[in-house]
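Inspection log for the structure reproduced underneath, given as structure tokens.
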2 protein chains.
Amino acid sequence: MRPEGDDAVADTTGRGTGRGAATRALILAAALEAFAESGYRGTSVREIAARCGLTHPALIYHFPTKADLLLAVLERRDEDGPLEGLAADRVLARLVETVGANQSRRGLIELFATLSAEATAADHPAHAWFARRYANLVATLTRAYAELAETGELRPGVDPGVAARRLVAVMDGLQVQWLLDPEVDMVAGVAAQIAADRG
Amino acid sequence: MRPEGDDAVADTTGRGTGRGAATRALILAAALEAFAESGYRGTSVREIAARCGLTHPALIYHFPTKADLLLAVLERRDEDGPLEGLAADRVLARLVETVGANQSRRGLIELFATLSAEATAADHPAHAWFARRYANLVATLTRAYAELAETGELRPGVDPGVAARRLVAVMDGLQVQWLLDPEVDMVAGVAAQIAADRG
DNA sequence: GTCTATATAGAGATAGAC
DNA sequence: GTCTATCTCTATATAGAC
């Protein structure tokens, strides 16, 4: 009897989808929360284990190292709908929607704000993941802005590549300001940023 | 005989300016470096002590706790020339200059990028410092943009307060991107940001 | 003012029982 | 699949010698 049914959690350890699949999902949720509150370095594997009623070795059985656990959390977020295929208008609209949706998930914002700064260190376990993430995002937004420029919808003199980096920067920077002061309106900020560069 | 001469290092422990003043300056420099490389949580007091040829207890004599050391490092940077008194044009020009100057001090950028994210946690020792810093910076830039708006030098429809927050966000966000990829031009990005909101 | 030595707590990770 | 018990390392901080 296998109680997990048709559970479909990604398995990075290659152990298949045994009974542990549900436990793995539990662990990933707890890890997301914990990393979000204290960052990667500030969180202990024991604390994550305690959050889901496990002991430290039990967790380690599923994710051999702390770094493996972090990468599993990050890879899980990669499943979010990609922006790559969309038209320029849709890409920018989706970006604003995402910011609005995230505004109700403080933990997620904390995780990415903390981690993206931590992970600038070359030896950080999530370094490659963030480098790839930023490169992809900037490339996608550069293409969107370039598309706007072709039809004259980008303000003259605005460089699509620089504007794309600035847009990503505004999203990141407003997250920190919002974490320090929840009165800050991230959606308004990002929308204003896009409006400033469009014609 | 007091070898420190007219040394003027801030003394947060209330021990006066005895021989230790030179040692304190040495410690602060090493702490800045170390915090910059590994963040506050990722740095041990022992490592900072080792960097300046001291033992851990010797350092603790000067700065009773790790948090005291961090705050002393931050307060030391408060001595940088303030923006408050300047005219709008000068404020914005100085901002771009500062970004350019910082581009040669990777350690400083790492410190602030890492810490500003870490310090969003309410119980972080530098939380109050960063909350104050952002409030001051946004207030100063809001005033500068409002001044531009009065003389019609701000693009119509741009809210000075929102634009100020976006400018601060761009500076912060570009730092992370620059840390991940030194090809990123922070000066060009910040200059473009200001140009996008001005008339 | 700086040291050695130590207390205490917590980290990540492993071995082996059940 | 999860546990107890333990290893090893490192952390912050203190006591007291010099």
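Just so we're clear, the structure is a prediction, and the values are computed from it rather than from any experiment. Here is the naming used below: chain letters follow the sequence lines, and residue numbers restart at 1 for every chain. Computed over heavy atoms, backbone and side chain alike; hydrogens, waters and symmetry mates excluded.
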Can you name the ring pair (Phe, Tyr, Trp, His ring centres under 6.0 Å) partners of Phe35(B), sequence neighbours left out?
-> Tyr40(B)
Given atom CG of Leu26(B) and atom P of dG1(C), what is their separation to the nearest angstrom?
-> 15 Å
Side chains of Leu174(B) and Val99(B) in contact at under 4.5 Å (non-hydrogen atoms) | no
Distance, rounded to the nearest Å, where Asp68(A) contributes CG and dG12(C) contributes C1' | 13 Å
Value in whole Å for how far the P atom of dG10(C) lies from CZ of Arg41(B) = 15 Å
In whole Å, what is the span from the CD1 atom of Ile48(B) to the P atom of dT10(D)?
-> 16 Å
Working for side-chain contact (heavy atoms from CB on, under 4.5 Å), residues His124(B) and Leu115(B) | CA-CA 10 Å; His124(B) 193 283; Leu115(B) 266 186; 3.8 Å; yes
Hey, does the side chain of Thr23(A) come within less than 4.0 Å of dT2(D)'s phosphate (OP1/OP2), counting only N and O?
-> yes
To the nearest Å, give me how far apart CZ (Arg24(B)) and P (dT2(C)) are.
-> 11 Å
Distance test, side-chain N/O of Ser44(A) to OP1/OP2 of dA11(C), below 4.0 Å | yes
Summary of protein contacts for nucleotides 13-18 of chain D, nucleotide by nucleotide, where a base hit scores B, a sugar-phosphate-only hit scores S (4.0 Å, heavy atoms) | BB----
Results of side-chain hydrogen bond (donor to acceptor under 3.5 Å, both in side chains) for Arg51(A) - residues two or more places apart only | Glu33(A), Glu37(A), Glu47(A)
Can you check the Leu59(A) CG to dC3(D) P distance for me, whole Å?
-> 10 Å
How many Å lie between CG on Leu54(B) and C1' on dG1(C), as a whole number?
-> 10 Å
Can you pull the salt bridge (charged side-chain N to carboxylate O under 4.0 Å, His left out) pairs that have at least one residue in residues 109-118 of chain A, sequence neighbours excluded?
-> Arg106(A)-Glu110(A)
Looking at Leu71(B) and Ala126(B), what are the two nearest heavy atoms and their distance?
-> CD2-CA, 4.3 Å
Under 4.0 Å between a side-chain N or O of Tyr61(A) and OP1 or OP2 of dG1(D)?
-> yes
Enumerate the residue pairs fulfilling salt bridge (charged side-chain N to carboxylate O under 4.0 Å, His left out) with a member in residues 150-178 of chain A, sequence neighbours excluded, ordered by first and then second residue.
-> Glu153(A)-Arg198(A), Arg165(A)-Asp181(B), Arg166(A)-Asp197(A)
Crowded around Glu84(B) CD? As in, over 12 foreign heavy atoms under 6.0 Å?
-> yes
Any Thr55(B) side-chain nitrogen or oxygen under 4.0 Å from OP1 or OP2 of dC3(C) = yes
Between residues 112-124 of chain B and DNA chain C, which residues have a heavy-atom gap below 4.0 Å?
-> none
Which atom of Thr120(A) lies closest to which atom of Val176(B), heavy atoms considered | CG2-O, 3.9 Å
In whole angstrom, what separates His62(A)'s NE2 from dG12(C)'s P?
-> 17 Å
